[in-house]
Amino acid sequence: MDTVRVRFAPSPTGSLHIGGARTALFNWLFARHHGGVFILRLEDTDTGRNIGEAAVQIESSLRWLGIGWDEGYDCGGPFGPYRQSERFGLYREEARRLLESGRAYWCYCTPEELAAQREKARRRGEVPRYDSRCGDLTGDGRRAKEAAGIQPALRVKMPKAGATVVKDLIRGEVGFDNATLDDIVILKSNGGPTYNFACVVDDGAMRISHVIRAEEHLSNTPKQIVLFNLLGYALPEFVHVPMILAPDRSKLSKRHGATAVDEFRTGGFLPEALVNYLALLGWSPGGEREQFSREELVAFFSLDAVTKHAAVYDVKKLTWLNAQYLKALPLERVVEQVRPFMQEAGYLSASPDPAELDYLNRVVEAVRSRIHTLVELRDASAYFYRPDFEYEEKGVRKHFTKPGVTGILARGREALSALPVGRFTVEGTEEAFRQVIEELGVSGGALIHPARLALSGRTVGPGLFDIITVLGKEQCLLRLDRAIARIENNLEQA
RNA sequence: GGCCCCAUGGUCAAGUGGACUAAGACACCGGCCUUUCAAGCCGGUAACGCGGGUUCGAAUCCCGCUGGGGUCACCA
C-alpha cells in the first residue's frame, strides 16, 4: 500500500460528539497502524454557520482523547492551508477548469425559484430534482439574467445515463443510477465552494489515500466520484463506517443526554476508557478481551473488522470500563486526572504542597476501587476533607441507637489514642480494635459499624482501618468524640 | 415517497456452509468472599426478524417481505 494519508474533517458548528470522535479515532488508528499520516482539516466554508469557539473545542477534545494529528490548520503541513476558508482561491481555480472545459455552467435560478420547483415536483409526486434548465441558456439569456443583477451559482453537469459504482472497503460495491444525480452546485452565488466540491478538491490536493467517514456520506459519494474524475484526481479508497445511534435507535442528539466528548470529560470519564469504548463500538478485534491499551488498539486495528451495522451506544458499559481503568491505572495517573475535580470542590488547593498531594494519593487509593467516575471519586472522598458532615440517617438508626454504643466507641477511641505513632497502621489499628472487641465480648460489627459512621458519616465505604489510617489519629479522636457527644445529646432529647 | 445501507440476546459483539444443543463483554438475577459498599471469583436468565429457495447440511449463500437507519440544499 502507498503511504496512508487520512483526514478527519469536522465542520466547526458545535462540539465534538462521540460519533465524530469515533470517526476521528478510526482514522487515527488506521493511520498509526500503517505508519501513515493523520490530517486535521477544518471544513468551515459556510461562514454563516461557524461557531466561534467550536474549532477550539473540537481540537481540545481530540487532544484530550490523545488523538494527535500530523498535519493540520494549527501546525501546517506540506499541503496546507488546512482551513477551507483559506483555500477559496484553489476552489475557484478548479471550478474555472470545469467551466472552461464545458463541464460546468452558470445557474441563475434563485433559491426561491429552486424551492418552488422542488415543491411543484413534490406535489406531482415526483422526486424533486434540478432540471438543468440553465444548462442550455444562450448568451442572450445569460446577459438578460445578469442585467437583472442575479449572482449565479456554478453547477456541474452530471452524467444522465449509466451508473456510478462506489467501491467501499467495508460495504463492497454500491451502485447508483446516474439519472438520480442532480447537476450539483459547486460554487455558491457568494463565490464560496459547496461541501461536495471543497471536499473533493481537498481530498485530491491533499493526496488523501482513504476517505474514512460516517455512513451518512455514502449517498454523497457518487457525486464526489464524478467530480474526482472530471478534475482528473486519483480516486481514494472509500470507507463508510456505521453510525452510532442513541439508545432509542434514533440519530444521536442533545436530547439523549451526554453525547459530546467534553461532557464525558466533565462527567468524570477517563480518556483511556472512552477511547477503549469507542474503538469497540463498530469494531472488534475478536477474542474475548474487552480492555485494550492505545498501543494495542493501534496494533490490532483493521478496517475489515469494522461492522456494517449501526451501533447503539451504552453508557453502562462505558461506565464499567471507566471503573476498570480507575482501579487498574497507575495511582499517579488517577490522581492527576481527579485533581481538577478535587480543586473545584475545594478539597485541594490551586498549587498543592507535597503533604496535600500525599494525602490525596492515600484518599484515592482507599476509594478508587468502589467508584465508577472521577465525579464519584470526588464525592466519595468528601469526608476525608470535611469533618462537619451529617450522619446518614439510616446508619444513625441502625448503629447509633444500640444500647451501650457510646461506651463501645469510647473504648475504641481509647485504644486508638493509646497507639504509638509507629503502630497507627492498618494492621496496628485493626489489632487494637480486635482487642477491644474481645475484651468487651461483643461482635466485631458492634464497634466497626458505629465507628465507620462516626468517622465518615456513612455506612458504606473503604475498609474501616483504611479510613482510620488515612484520616490519622487526631481526626479519628476528634470525630469519635463528636459522635459520642452527638449520641448522648440525642438520648437526652429522647 | 425515491435512492442507498443494514439486520445474532435489552446493549456491544464473535461467527465467512459442517467443530453452533451459537463465544465473550455490559446490564440483570443468584451464590461465595467479607467490618459495610465495591472489587474479585463461581453460576444463571436471555439471540440467529419472518417467509421462500439453493444444498446431504444454512446464523452463514440467493430472492421476497418486514423492521431499523441514512440521504434527497447555493448545510456540512
Side-chain angles (χ1 to χ4, degrees), chain A residues 9-13 43-46 48-49 84 107 109-111 114-115 118 122 125-130 151-155 166 168 171 174-177 179-182 184-196 198-199 214-222 240 242-243 245 247 249-251 277 280-291 305 307-321 323-324 327 367-372 380 395 398-399 430 433-434 437 443-449 451-453 456 458-465 467:
Chain A
S11 178
T13 52
E43 308 230 324
D44 57 347
T45 55
D46 185 358
R49 280 184 20 141
Q84 291 190 327
C107 172
C109 298
T110 62
L114 292 169
R118 274 197 296 271
R122 227 187 302 273
E126 292 167 9
V127 177
R129 181 164 302 124
Y130 181 62
Q151 288 293 315
L154 192 64
R155 287 186 186 268
V166 178
D168 186 283
R171 268 156 237 284
V174 182
F176 293 84
D177 192 338
T180 65
L181 269 30
D182 264 18
I184 57 165
V185 170
I186 58 170
L187 243 38
K188 308 178 206 173
S189 53
N190 68 9
T194 56
Y195 160 74
N196 278 122
C199 183
E215 193 189 342
E216 54 188 323
H217 290 289
L218 183 54
S219 48
N220 279 321
T221 309
H240 290 94
M243 313 261 310
L245 267 26
R249 298 208 76 85
S250 70
K251 201 171 176 176
Y277 178 72
L280 260 25
L281 251 199
W283 172 74
S284 166
E288 299 184 354
R289 287 178 56 195
E290 300 289 330
Q291 287 169 255
T307 59
K308 290 179 160 79
H309 55 273
V312 171
Y313 95 99
D314 176 19
V315 73
K316 291 248 191 66
K317 184 158 182 177
L318 168 61
T319 302
W320 169 78
L321 256 181
Q324 295 292 310
K327 68 167 194 279
V367 174
R368 68 162 164 172
S369 75
R370 48 208 102 215
I371 43 80
H372 301 95
K398 204 164 169 189
H399 305 302
E430 173 154 17
F433 263 38
R434 295 286 173 203
I437 288 162
S443 70
L447 171 57
I448 288 169
H449 293 309
R452 169 180 289 101
L453 188 61
S456 71
R458 307 187 189 189
T459 56
V460 303
L464 177 63
F465 305 104
I467 296 177

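Letters go in sequence order (proteins before strands), and every chain restarts at 1.
Of the nucleotides present, none pairs with B:A14 by Watson-Crick or G-U wobble criteria with both distances under 3.5 Å. B:A38 is unpaired under the criterion used here, namely a Watson-Crick or G-U wobble arrangement in which both key atom distances are under 3.5 Å. The base-pairing partner of B:C48, taking Watson-Crick or G-U wobble contacts with both distances under 3.5 Å, does not exist among the strands shown. Both distances falling under 3.5 Å, in either a Watson-Crick or a G-U wobble arrangement, occur for no nucleotide opposite B:U54. Of the nucleotides present, B:U71 is the one that pairs with B:G2 by Watson-Crick or G-U wobble criteria, both distances under 3.5 Å. Look at B:A76: it lacks any Watson-Crick or wobble partner with both distances under 3.5 angstrom. The nucleotide B:G43 finds its pairing partner in B:C29, both defining distances of the Watson-Crick or G-U wobble pair being shorter than 3.5 Å.
Heavy-atom distances to RNA chain B give each of A:Glu290 and A:Thr180 a nearest nucleotide, and the one nearer the 5′ end belongs to A:Thr180. Positionally, the nearest nucleotide of RNA chain B for A:Arg289 lies more toward the 5' end than for the other of A:Gly445 and A:Arg289.
For the atom pair CG of A:Leu453 and CD1 of A:Ile448, the computed distance is 14.0 Å after rounding to the nearest 0.5 Å.
B:C6 and B:G43 are spaced 36 Å apart, taking the C1' atom of each and rounding to whole Å. On the C1' atoms, B:C50 is 16 Å away from B:A58, given to the nearest whole Å. B:A46 sits 26 Å from B:G52 when the P atoms are compared, rounded to a whole Å. Taking atom C1' on both nucleotides, B:C32 is separated from B:U21 by 29 Å, rounded to a whole Å. Nucleotides B:G1 and B:G51 place their P atoms 25 Å apart, quoted to the nearest Å. The gap from the C1' atom of B:G49 to that of B:C33 amounts to 43 Å, rounded to the nearest Å. Only the P atoms considered, B:C65 is 28 Å distant from B:C56, to the nearest whole Å. B:A22 and B:A13 have their C1' atoms separated by 12 Å, given to the nearest Å.
Residues A:Asp314 and A:Pro247 have side chains not in contact (no heavy-atom distance under 4.5 Å, counting atoms from C-beta outward). No side-chain heavy atom of A:Arg155 sits less than 4.5 Å from a side-chain heavy atom of A:Ile186. Side-chain contact between A:His399 and A:Thr459 is present, with heavy atoms from C-beta onward closer than 4.5 Å. Residues A:Pro242 and A:Lys308 are not in side-chain contact: their nearest non-hydrogen atoms beyond the backbone lie 4.5 Å or more apart.
Within 4.0 Å (heavy atoms only), A:Gly48 reaches no atom of the nucleic acid at all. Residue-level contact check: A:Thr194 touches the backbone only, with heavy atoms under 4.0 Å from sugar-phosphate atoms and none from bases. Nucleic acid contact class of A:Leu114 (heavy atoms, under 4.0 Å, all strands): base. Nucleic acid contact for A:Thr45: sugar-phosphate only, since backbone atoms but no base atoms lie under 4.0 Å from a heavy atom of the residue. Across all strands, A:Glu43 comes closer than 4.0 Å only to sugar-phosphate atoms, never to a base (heavy-atom distances). A:Cys107 comes within 4.0 angstrom of no nucleic acid atom, judged by non-hydrogen atoms across all strands. Nucleic acid contact for A:Tyr313: none, since no nucleic acid atom lies under 4.0 Å from a heavy atom of the residue. Within 4.0 Å of A:Gly282, counting heavy atoms only, lie sugar-phosphate atoms of the nucleic acid but no base atom. Within the 4.0 angstrom heavy-atom criterion, no nucleotide atom of any strand lies near A:Ser443.
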Identify each donor-acceptor pair in which a side-chain atom of residues 283-290 of chain A lies under 3.5 Å from a protein atom, sequence neighbours left out, and give them as a table.
{"unit_1": "A:Trp283", "atom_1": "NE1", "unit_2": "A:Ser302", "atom_2": "O", "d": "3.3"}
{"unit_1": "A:Ser284", "atom_1": "OG", "unit_2": "A:Gly286", "atom_2": "N", "d": "3.0"}
{"unit_1": "A:Arg289", "atom_1": "NH1", "unit_2": "A:Glu296", "atom_2": "OE2", "d": "3.4"}
{"unit_1": "A:Arg289", "atom_1": "NH2", "unit_2": "A:Gln291", "atom_2": "O", "d": "2.8"}
{"unit_1": "A:Arg289", "atom_1": "NH2", "unit_2": "A:Glu296", "atom_2": "OE1", "d": "2.9"}
{"unit_1": "A:Arg289", "atom_1": "NH2", "unit_2": "A:Glu296", "atom_2": "OE2", "d": "3.1"}
{"unit_1": "A:Glu290", "atom_1": "OE1", "unit_2": "A:Lys317", "atom_2": "NZ", "d": "3.1"}

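If you take CG of A:Leu447 and P of B:U35, they are 13 Å apart, rounded to a whole angstrom. The distance from atom NZ of A:Lys316 to atom P of B:U11 is 12 Å, rounded to the nearest whole Å. Across the protein-nucleic acid pair, A:Arg129 atom CZ and B:G1 atom P stand 17 Å apart, rounded to whole Å. Taking atom CZ on A:Arg434 and atom C1' on B:U35, their separation rounds to 7 Å, with Å as the unit. A:His309 has its NE2 atom 9 Å from the C1' atom of B:C6, to the nearest Å. Rounded to whole angstrom, the span from the CD atom of A:Glu288 across to the C1' atom of B:C26 amounts to 15 Å. Across the protein-nucleic acid pair, A:Tyr277 atom OH and B:A27 atom C1' stand 12 Å apart, rounded to whole Å. Look at NZ on A:Lys308: it is 11 Å from C1' on B:C5, rounded to the nearest Å.
Distances shorter than 4.0 Å separate some side-chain N or O of A:Lys188 from OP1 or OP2 on B:C75. The phosphate of B:A13 (OP1 or OP2) has a side-chain N or O of A:Thr307 nearer than 4.0 angstrom.
Listed by chain and residue number, A:Phe433 satisfy the ring-ring contact (aromatic ring centres under 6.0 Å, His included) test with A:Phe465 (two or more places apart in sequence, or in another chain). A:Lys251 meets the salt bridge (Lys or Arg N to Asp or Glu O under 4.0 Å) test with A:Glu216; sequence neighbours excluded. Contacts of A:Glu430 classified as side chain to side chain donor-acceptor pair (under 3.5 Å), with partners at least two apart in sequence or in another chain: A:Arg434.
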Reading 5' to 3' through nucleotides 67-73 of chain B, protein heavy-atom contacts under 4.0 Å coded B for base, S for sugar-phosphate only, - for none: -SSSS-S
Sequence-aligned protein contact record of nucleotides 36-50 of chain B, with B where the base is within under 4.0 Å of a protein heavy atom and S where only the sugar-phosphate is: BBBSS----------
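For the side-chain hydrogen bond (donor to acceptor under 3.5 Å, both in side chains) with A:Tyr195, the lone residue among A:Glu43, A:His217, A:Gln84 that qualifies is A:His217.
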Side chain to side chain contact (heavy atoms under 4.5 Å, CB included) assessment of A:Thr194 paired with A:Lys188: CA-CA 7 Å; A:Thr194 56; A:Lys188 308 178 206 173; 3.9 Å; yes
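Using modelled atom types, one side-chain atom of A:Arg171 and one backbone atom of A:His240 make a donor-acceptor pair closer than 3.5 Å. No donor-acceptor pair closer than 3.5 Å links the side chain of A:Tyr130 to the backbone N or O of A:Val185.
Between B:C5, B:U35, B:C74, one nucleotide has an atom nearer to the side chain of A:Ile448 than all others, and that is B:U35.
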